[in-house]
Amino acid sequence: MAGALQAPRSCPPKEEKEEEEEDQEQPEGGKEQRVSEEEGRASAGAAEGGRGDEDVHVEWKEGEPVPFSHLSSTLDRVQGTSKRLEIISIVTAALSTVRRLTPDDLVPFVYIMLGRVAPPFKGLELGVGDSVLVQAIAAASGHETSKIKEEYKKVGDLGQVAVATRRNQLSLSPVRALTVRSVFEAMKSAAAIEGSESVKQRRDIILCLLVAARGNESLWITRILQGKLRVGLAEPSVISALAATFVLHPPASSSSSFPSPLPPPSLSPEEFKKESSIATEALKEALAQQPCYETVVPILLEHSYQQLPVLCPLTPGVPVKPMLAHPSRGVSEVTKRFGNKTVTCEYKYDGERSQIHWLEDQKVKVFSRNSEDTTGKFPDIVELLPKIVEGGGVKSAILDCEVVAVERATNRILPFQILSTRARKNVQLSSLKVDVCVFAFDILLLNGESLMRRPLIERRQILRQNLREVEGRFKFVSSIDPTSPEDMEEFFQVALQDSCEGLMIKSLEGEPSQYAPDKRSREWLKLKKDYIEGMVDTFDLVVVGAWQGRGKRTGVYGAFLLACYNSETDEFETVCKLGNAKVPEGPNQPDVWFDPSTVWEISAADLSLSPQHTACYGVVHASRGIALRFPRFVREREEKGASQATTSQQVKEIFSQQRNVQSGEESDASTS
DNA sequence: CCTGTCTGCCC
DNA sequence: ATTCTGC
DNA sequence: GCAGAATGGGCAGACAGG
């Protein structure tokens, strides 16, 4: 006992050896739980009222650090419902209290819920995955890591494992209670660690958190560090709640003293709902243009949300959330959706989405689809850009592009798998091994002026008039503005011939053609051949193994291992795992192997050379097999036996054909 | 110094 | 990336 | 149709450990 008490004082505790007292505590049982229930009722009431108001139980004083238990009990309550509005309402209530008492903790509170530590473009990552967590949980519980892994498989949720294996359930722990602030600081310091021993240090930081955690807190700490709350709460809902919070608690009018002590009493539920949705839109727009809570939240504390988009303008050097596209199952579906609006079809290149910024000081920044700063990966683009903007009056610009690997001698497009071998950090021009061509398709800003509200037809014209193509290095995407479905169909085929994945289809004129950052729009459609039935070879594959599912899939299989049949050796060779089968029957053993008998039809986008899978190993490559890219379940082939599955020879044939279309040659990726 | 594992991030 | 599901 | 949560192949880079 002494040891158990002592450990938390010296943080991190040393490796311990003492026997584990079998704690029989039920995580659902403690007294913390009773408090949660009360709070649960409180905010459920608020939810029914439609707004999400203050917490009834406030356990800290104005200006003091927010206790972590506030966040923890909030998540407990969120877990109790699957209704989105109710979730948002619960989070709104929690944020409102924080906003009123300790507004400085709003940003940490939000970051913790999102499992992040900084905006994506700052390049600061937690560096915590399941493995480190398992080690920390093992250390905190006194169990072996193997035991924790075993439990994880069985329970399907590391957070629950952390709670269930907790060593001392003493509510009167000698460690100070966690605060939102201290947890966030711990996360930041974990993220900052590097070098040898860094894994141990991270483990120890987490260990401290777990030791200091009370009741359900270890559940949430674990899930937060995994980056998955698994309660139906993710960024869009957090944003909605944050917006609603500031509807309830706007900044004191003009610049007077403190936040208004009371929510504006005059808002009817309908008005609140309406205002909240307006505020959410404004906040989403601001965060799309300035994806940084440290910037946006302080502005919200000072100014009305109506001014947000103006106060968080599109800024060269700061990434914008890119506009995304929805899949579409064929030209007929596309024409149906767009009616007789004018549209454009652009090649959909198989590369990496890149947002290229040209700054007033002539600096260049490149951002990925997820707003990561990838400038260091593309020194050639940095070098190229002055040539692109040369001569014109381009002082600043933000371009939306797809970067594609090319073979420099011929400027032929290469597969994505080649692009992905590019070095990523601090790459020197002289050491580049993979050449690229930038295919530009949109411009969001020119000379400081946002173009996002302009129709695409204008943006496209501005793009093409102000920037210069450089053969093999910077091109505008191939496109047509089709006048008939037949045009579109034909262009689709041409795109496939030209080594593209398919087409992007976009409105050209009017409001739907404006640039809508983030997921807020399905105005763009993507058309790929593997979306279209009958356009792509499918595979009849044998189910040879399975893994236990996690989370929602606890207790059923989460993924299956599939194989083709090598008729020469009479062996089954794996080609992919599959995660989207409608989980059949299945005993509940973990990670099993099956006798090859069940055959499933699987479709895929592509085949790739695989370091993992054994199909055709040594046949198309000395030390690699072949795998399916984006495999998905089509149906069961009950009439087929295992030996009637697609053969390895057929897989090889399909692979070879694909390579011929793609690059003309089967030039080996692994020379030199 | 080499290899395996983990993590994050592309798709 | 793709897919399924609850709202 | 959105949001959320399951799941895929595969790469570089950073460490751990021999």
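Just so it is clear: chains get the letters A, B, ... in the order the sequence lines come, proteins before strands, and each one is counted from 1. These numbers come from the heavy atoms of this one structure, side chains and all, not from hydrogens, waters or symmetry mates.
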Inset, instruction - Any chance you could measure A:Arg230, atom CZ, to A:Gln79, atom CD, to the nearest 0.5 Å? - result: 8.0 Å

Legend entry - Gap separating the CD1 atom of A:Ile602 from the CZ atom of A:Phe539, nearest 0.5 angstrom: 10.0 Å

Inset, instruction - Could you list all the salt bridge (Lys or Arg N to Asp or Glu O under 4.0 Å) pairs where at least one residue sits in residues 541-551 of chain A, not counting sequence neighbours? - result: A:Asp130-A:Arg550

From the list [options], which nucleotide is the closest neighbour of the side chain of [X]?
{"X": "A:Val199", "options": "D:dG10, D:dG8, D:dA16", "answer": "D:dA16"}
{"X": "A:Ser82", "options": "D:dG9, C:dC7, D:dA3", "answer": "C:dC7"}
{"X": "A:Lys425", "options": "D:dT7, D:dG10, D:dG13", "answer": "D:dG13"}
{"X": "A:Thr421", "options": "D:dG10, D:dG4, D:dA12", "answer": "D:dA12"}
{"X": "A:Ala234", "options": "D:dG4, D:dA12, D:dT7", "answer": "D:dG4"}

Over all strands shown, is [X] touching base, sugar-phosphate only, or nothing at heavy-atom distances under 4.0 angstrom?
{"X": "A:Arg84", "answer": "base"}
{"X": "A:Tyr349", "answer": "nothing"}
{"X": "A:Pro611", "answer": "sugar-phosphate"}
{"X": "A:Arg329", "answer": "sugar-phosphate"}
{"X": "A:Arg624", "answer": "sugar-phosphate"}
{"X": "A:Lys433", "answer": "nothing"}
{"X": "A:Lys377", "answer": "nothing"}
{"X": "A:Leu419", "answer": "nothing"}

Legend entry - Donor-acceptor side-chain pairing of A:Asp400 and A:Tyr515 below 3.5 angstrom: yes

Legend entry - More than 12 heavy atoms from other groups under 6.0 Å of NZ on A:Lys526: yes

Hey, does the side chain of [X] come within less than 4.0 Å of [N]'s phosphate (OP1/OP2), counting only N and O?
{"X": "A:His613", "N": "D:dG9", "answer": "yes"}
{"X": "A:Arg629", "N": "C:dT2", "answer": "no"}
{"X": "A:Lys83", "N": "C:dC7", "answer": "no"}
{"X": "A:Ser608", "N": "D:dG10", "answer": "yes"}
{"X": "A:Tyr557", "N": "D:dT7", "answer": "no"}
{"X": "A:Ser610", "N": "D:dG10", "answer": "yes"}

Legend entry - First encountered from the 5' end of DNA chain C, between A:Leu324 and A:Lys552: A:Leu324

In whole angstrom, what separates [X]'s [atom1] from [N]'s [atom2]?
{"X": "A:Gln548", "N": "D:dT7", "atom1": "CD", "atom2": "P", "value": "11 Å"}
{"X": "A:Glu235", "N": "D:dG4", "atom1": "CD", "atom2": "P", "value": "9 Å"}
{"X": "A:Arg202", "N": "D:dC15", "atom1": "CZ", "atom2": "C1'", "value": "9 Å"}
{"X": "A:Asp606", "N": "D:dG9", "atom1": "CG", "atom2": "P", "value": "14 Å"}
{"X": "A:Ile418", "N": "D:dC11", "atom1": "CD1", "atom2": "P", "value": "9 Å"}
{"X": "A:Ile602", "N": "D:dT7", "atom1": "CD1", "atom2": "C1'", "value": "13 Å"}
{"X": "A:Phe560", "N": "C:dT3", "atom1": "CZ", "atom2": "P", "value": "17 Å"}
{"X": "A:Leu158", "N": "D:dA6", "atom1": "CG", "atom2": "P", "value": "13 Å"}

Inset, instruction - Would you check, one step at a time, whether the test side chain to side chain donor-acceptor pair (under 3.5 Å) holds for A:Gln417 with A:Ser608? - result: CA-CA 7 Å; A:Gln417 201 173 12; A:Ser608 57; 4.6 Å; no

Inset, instruction - Give me the first and last nucleotide of DNA chain B, going 5' to 3', that has any atom under 4.0 Å from a heavy atom of chain A. - result: B:dC6 to B:dC11

Legend entry - Evaluation steps, side chain to side chain donor-acceptor pair (under 3.5 Å), between A:Glu601 and A:Thr538: CA-CA 6 Å; A:Glu601 182 178 352; A:Thr538 61; 2.8 Å; yes

Inset, instruction - Answer yes when A:Glu501 and A:Lys529 have at least one side-chain N-carboxylate O distance shorter than 4.0 Å, and no when they do not. - result: no

Inset, instruction - Between A:Arg353 and A:Arg424, name the one whose nearest nucleotide on DNA chain B is closer to the 5' end. - result: A:Arg424

Inset, instruction - Could you label the plane-to-plane angle of the A:Phe594 and A:Tyr557 rings as parallel, tilted or perpendicular, counting under 30° as parallel and over 60° as perpendicular? - result: perpendicular

